[in-house]
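Inspection log for the structure reproduced underneath, given as structure tokens.
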Amino acid sequence: MSGGGMSPFQEAIRQELEAAMKADLERILSTAPESELEHIKKDIAGFQSLFHRFLQEKGPSVDWGKIQRPPEDSIQPYEKIKAKGIPDNIASVLNKLVVVKLNGGLGTSMGCKGPKSLIGVRNENTFLDLTVKQIEHLNVTYNTQVPLVLMNSFNTDEDTKKILQKYSHSRVKIYTFNQSRYPRINKESLLPIAKDLSYSVENAETWYPPGHGDIYASFYNSGLLDTLLEDGKEYIFVSNIDNLGATVDLHILNHLMNPPNGKRCEFVMEVTDKTRADVKGGTLTQCDGKLRLVEIAQVPKAHVDEFKSVSKFKIFNTNNLWISLSAIKRLQEANAIDMEIIVNPKTLDGGLNVIQLETAVGAAIKSFENSLGINVPRSRFLPVKTTSDLLLVMSNLYSLNAGSLTMSEKREFPTVPLVKLGSSFTKVQDYLRRFDNIPDMLELDHLTVSGDVTFGKNVALKGTVIIIANHGDRIDIPPGAVLENKIVSGNLRILDH
């Protein structure tokens with residue numbers, strides 16, 4: 001047996017595939033413009049090492065027998081960290097922080113063209129507007145220089161840069177760098193489907209940004225990591241730009257900079273308690289004495305139910321991460337950041353089956369020293385993935401202050417209602433057309449809407465409300481209606497005469 005448990009036959013096939021891939025990539029590289037050659041070479045080298053690992057690993061990448069619940073002290077309750085208070089010198093601590101937002105995604109799942117971060121979410125403010133306002137508020141309040149860094153992808157870079165001009169007078173210095181661009185590979189032949197490196201429309205589907213685990217290599221390769229270290233920055237706070245709960249938390253930052261035991265953490269992952277809606281979220285475990293993030297795709301089929309169990313693994317990863325810049329530099333230069341490969345199958349418009357090899361930023365936790373989980377309140381996890389989420393954040397359940405959303409004090413229970421809007425609401429423009437204005441949802445527990453339904457002005461929804469218009473029917477909820485614990489079905493069409 002050779003090649004990590006492969007038979008000589010399997011090893012020969014692996015070498016053949018790798019040689020074919022190398023030849024194809026060299027052919028593609030030969031089409032690179034001179035000005036981009038160095039940068040593209042780094043992308044191609046990164047992809048080759050990922051592909052090499054992909055060919056060597058088979059099956060789920062977790063040895064379930066080694067997976068244990070993390071020790072109690074490896075996940076600290078947020079309340080304990082908050083109890084320490086904030087020191088007087090918090091401004092000098094803030095000046096060592098950089099905020100990084102993952103900005104590689106498009107708004108296609110919500111029916112929008114262009115970067116997702118440019119979708120309006122509250123009072124005409126986009127995700128990006130809210131982010132800039134939050135950091136500007138910090139910089140003005142504490143007289144600090146916390147910069148914002150956007151990790152763009154080739155899908156979002158151009159549109160994002162055009163918009164950045166509008167923040168030129170804000171008190172936030174904004175930097176950008178680009179994720180790598182990797183070739184999608186044919187599921188059958190395992191070879192790239194791209195013929196060249198052009199950005200043409202027909203070539204768009206042949207490349208992909210390889211997941212947010214790419215942040216370490218692309219941040220380092222861009223030169224920005226070194227620039228920020230030279231500026232005296234020490235930590236980055238990384239989060240998804242569509243998580244409106246991911247604001248800079250001064251208590252967590254203080255814990256990083258002034259740890260109680262004097263030993264700094266290189267990596268902190270914010271986790272929060274699972275609910276039934278979160279059973280598929282990645283969870284923190286212990287493996288070989290190190291904290292390890294395990295995603296559902298890595299779990300052997302026989303253990304998926306155990307993974308989903310709320311009793312064994314009580315928390316999940318919010319993807320709000322605090323990471324030491326000098327540690328990233330050290331590990332990147334030693335080629336020591338280890339992240340499991342996520343194999344993401346896709347079917348292109350023409351029906352071609354491809355796979356893209358990705359990594360996740362949180363999976364690197366096991367490569368860093370002295371890692372820690374912090375169990376934060378659910379309010380720090382407020383992702384907007386669908387128009388159902390959008391309805392929540394646009395409503396009076398939240399108040400907006402200096403770019404930050406907080407649950408309204410008028411709501412008796414701090415829990416977020418469960419909202420399920422049907423397929424007629426999937427696209428943002430359709431969703432907006434169906435509400436004359438956003439209903440009062442302060443007393444709502446559960447809303448399900450299905451079919452052709454519209455809402456008049458000043459509607460109030462309370463308790464559990466279910467509205468189902470059958471196929472071919474339409475329901476117009478009249479202006480001023482108060483629906484409390486109601487099921488509305490059939491055809492309720494209010495017509496002006």
Q: Apply the test side chain to side chain contact (heavy atoms under 4.5 Å, CB included) to residues L444 and K462: give CA-CA distance (whole Å), side-chain angles for both, the deciding distance (0.1 Å), then the verdict.
A: CA-CA 4 Å; L444 180 69; K462 303 179 180 190; over 6 Å; no
Q: Kindly indicate whether the side chain of L432, heavy atoms from C-beta on, has any atom under 4.5 Å from the side chain of M394.
A: yes
Q: Take atom NZ of K314 as the centre, draw a 6.0 Å sphere, and report whether it contains more than 12 heavy atoms from other residues, nucleotides or ligands.
A: yes
(Q) Quick one: does any side-chain atom of T283 pair with a main-chain N or O of I315 as donor and acceptor, under 3.5 Å? (A) yes
Q) Would you say the side chains of N95 and Y142 form a donor-acceptor pair under 3.5 Å? A) no
(Q) Is any side-chain heavy atom of Q356 closer than 4.5 Å to one of Y182? (A) no
**Q.** Straight-line distance of L442 CG to S408 OG, nearest 0.5 Å
**A.** 5.0 Å
Q.
I'd like to check the ring-ring contact (aromatic ring centres under 6.0 Å, His included) partners of F267; sequence neighbours left out, ordered by chain and number.
A. F368
Q) G362 and L293: which non-hydrogen atoms are nearest, and at how many Å? A) C-CD2, 3.6 Å
For residues 219-227, which side-chain donor-acceptor pairs fall under 3.5 Å, sequence neighbours excluded?
{"unit_1": "Y220", "atom_1": "OH", "unit_2": "E333", "atom_2": "OE2", "d": "2.7"}
{"unit_1": "N221", "atom_1": "ND2", "unit_2": "A217", "atom_2": "O", "d": "3.2"}
{"unit_1": "S222", "atom_1": "OG", "unit_2": "F219", "atom_2": "O", "d": "2.7"}
{"unit_1": "S222", "atom_1": "OG", "unit_2": "L224", "atom_2": "N", "d": "3.1"}
{"unit_1": "D226", "atom_1": "OD1", "unit_2": "K329", "atom_2": "NZ", "d": "2.9"}
{"unit_1": "T227", "atom_1": "OG1", "unit_2": "G223", "atom_2": "O", "d": "3.0"}

Q: Take L391 and L447, measure what side chain to side chain contact (heavy atoms under 4.5 Å, CB included) needs, and give me the verdict at the end.
A: CA-CA 11 Å; L391 180 63; L447 172 67; 4.0 Å; yes
Q.
Which residues pass the side-chain hydrogen bond (donor to acceptor under 3.5 Å, both in side chains) test with S388, not counting sequence neighbours?
A. none
Q. Short question: side chain of E36, backbone of P33 - any donor-acceptor pair under 3.5 Å?
A. no
Q: Identify the two heavy atoms, one from L461 and one from P439, that lie closest to each other, and give their separation to 0.1 Å.
A: CD1-CB, 3.8 Å
Q: Please name the pair of heavy atoms, one in L291 and one in S74, separated by the smallest distance, quoted to 0.1 Å.
A: CD2-OG, 3.7 Å
Q: Kindly say whether S395 contributes a backbone atom to a donor-acceptor pair with the side chain of R122 at under 3.5 angstrom?
A: yes
Q: Mark yes or no for whether D43, through its side chain, and R181, through its backbone, hold a donor-acceptor pair below 3.5 Å.
A: yes
Q: Find the distance between OG1 (T247) and CG (L138) and round it off to the nearest 0.5 Å.
A: 8.5 Å
(Q) Applying side-chain hydrogen bond (donor to acceptor under 3.5 Å, both in side chains), can you list everything that pairs with T144, at least two apart in sequence or on another chain? (A) N139
Q. Hey, does K233 have a side-chain heavy atom less than 4.5 Å from the side chain of L97?
A. no
(Q) Working note: K166 + D129, criterion salt bridge (Lys or Arg N to Asp or Glu O under 4.0 Å); need CA distance, chi angles, decisive distance, verdict. (A) CA-CA 10 Å; K166 83 184 226 192; D129 291 336; 2.9 Å; yes
Q: Spell out, as yes or no, whether a donor-acceptor pair under 3.5 Å connects the side chain of R411 to the backbone of T415.
A: yes
(Q) Under a 3.5 Å distance rule, please check whether Y167 uses its side chain to pair with a backbone N or O of K173 as donor and acceptor. (A) no
Q. Is there a side-chain contact between V121 and T126, using heavy atoms and a 4.5 Å cut-off?
A. no
Q. V428 and L390: side chain to side chain contact (heavy atoms under 4.5 Å, CB included), yes or no, with the steps?
A. CA-CA 9 Å; V428 173; L390 197 54; 4.2 Å; yes
Q | Donor-acceptor under 3.5 Å (D445 side chain, P417 main chain) | A | no
Q | Minimum heavy-atom distance between S324 and A327, given as atom pair plus value | A | OG-N, 3.1 Å
Q | D214 versus Q179, side-chain donor and acceptor atoms under 3.5 Å | A | no
Q: Please report the C-alpha distance between W207 and L197 in whole Å, then the side-chain angles of each, then the deciding distance to 0.1 Å, and finally whether the side chain to side chain contact (heavy atoms under 4.5 Å, CB included) criterion is met.
A: CA-CA 9 Å; W207 299 89; L197 282 155; 3.5 Å; yes
Q.
Let me confirm one number: the CG-CD1 distance from L321 to I236, rounded to the nearest 0.5 Å.
A. 8.5 Å
Q. Is there a side-chain contact between T359 and L50 (heavy atoms, below 4.5 Å)?
A. yes
Q.
Would you say CD of E484 has more than 12 non-hydrogen atoms from neighbouring residues, nucleotides or ligands within 6.0 angstrom?
A. yes
**Q.** side-chain hydrogen bond (donor to acceptor under 3.5 Å, both in side chains) contacts touching residues 251-274 (sequence neighbours left out)
**A.** K84-H255, E234-R264, N254-N258, E266-R330, E270-N320, E270-W322, E270-R380, D273-N375
Q | Note: E340-K366 ion pair, threshold 4.0 Å (strictly below) | A | yes
Q.
Atom CG of residue position N335 - does it have more than 12 heavy atoms of other residues, nucleotides or ligands inside 6.0 Å?
A. no
(Q) Quiz question: by atom type and distance under 3.5 Å, do the side chains of N401 and S404 form a donor-acceptor pair? (A) no
**Q.** Aromatic ring pairing F54/F51, orientation class (parallel under 30°, perpendicular over 60°, tilted between)
**A.** tilted
Q | Reported OG-to-CD1 distance for the pair S367 and I337, which is rounded to 0.5 angstrom | A | 6.5 Å
Q. Tell me, do F425 and D430 make a side-chain contact under 4.5 Å, heavy atoms counted?
A. no
Q | Salt bridge flag under 4.0 Å for residues K162 and D157 | A | no
Q) Do the side chain of E443 and the main chain of G463 share a donor and acceptor less than 3.5 angstrom apart? A) no
Q: May I ask you to test the Y398-T406 pair for a side-chain heavy-atom distance under 4.5 Å?
A: no
Q.
To check you understand the geometry: which heavy-atom pair defines the closest contact between L256 and C265, and what is its length?
A. CD2-O, 4.1 Å
Q.
For a quick test of reading the model, state the closest non-hydrogen atom pair linking P210 to S180 and the distance between them.
A. CD-O, 3.3 Å
Q | Distance, nearest 0.5 Å, that separates CG of N155 from OH of Y208 | A | 13.0 Å
Q | Distance-only side-chain donor-acceptor flag, S371 / K290, under 3.5 Å | A | no
Q) Could you give the distance from OH (Y175) to CG (L228), rounded to the nearest 0.5 Å? A) 6.0 Å
(Q) Contact between I241 and N243 at the side-chain level, heavy atoms closer than 4.5 Å - yes or no? (A) no
Identify each donor-acceptor pair in which a side-chain atom of residues 110-117 lies under 3.5 Å from a protein atom, sequence neighbours left out, and give them as a table.
{"unit_1": "K116", "atom_1": "NZ", "unit_2": "D242", "atom_2": "OD2", "d": "2.8"}
{"unit_1": "K116", "atom_1": "NZ", "unit_2": "V384", "atom_2": "O", "d": "2.7"}
{"unit_1": "S117", "atom_1": "OG", "unit_2": "N103", "atom_2": "OD1", "d": "2.7"}

Q: Check whether NZ of the Lys or CZ of the Arg R434 lies under 6.0 Å from the centre of the six-membered ring of F455 and within 45 degrees of that ring's axis.
A: no
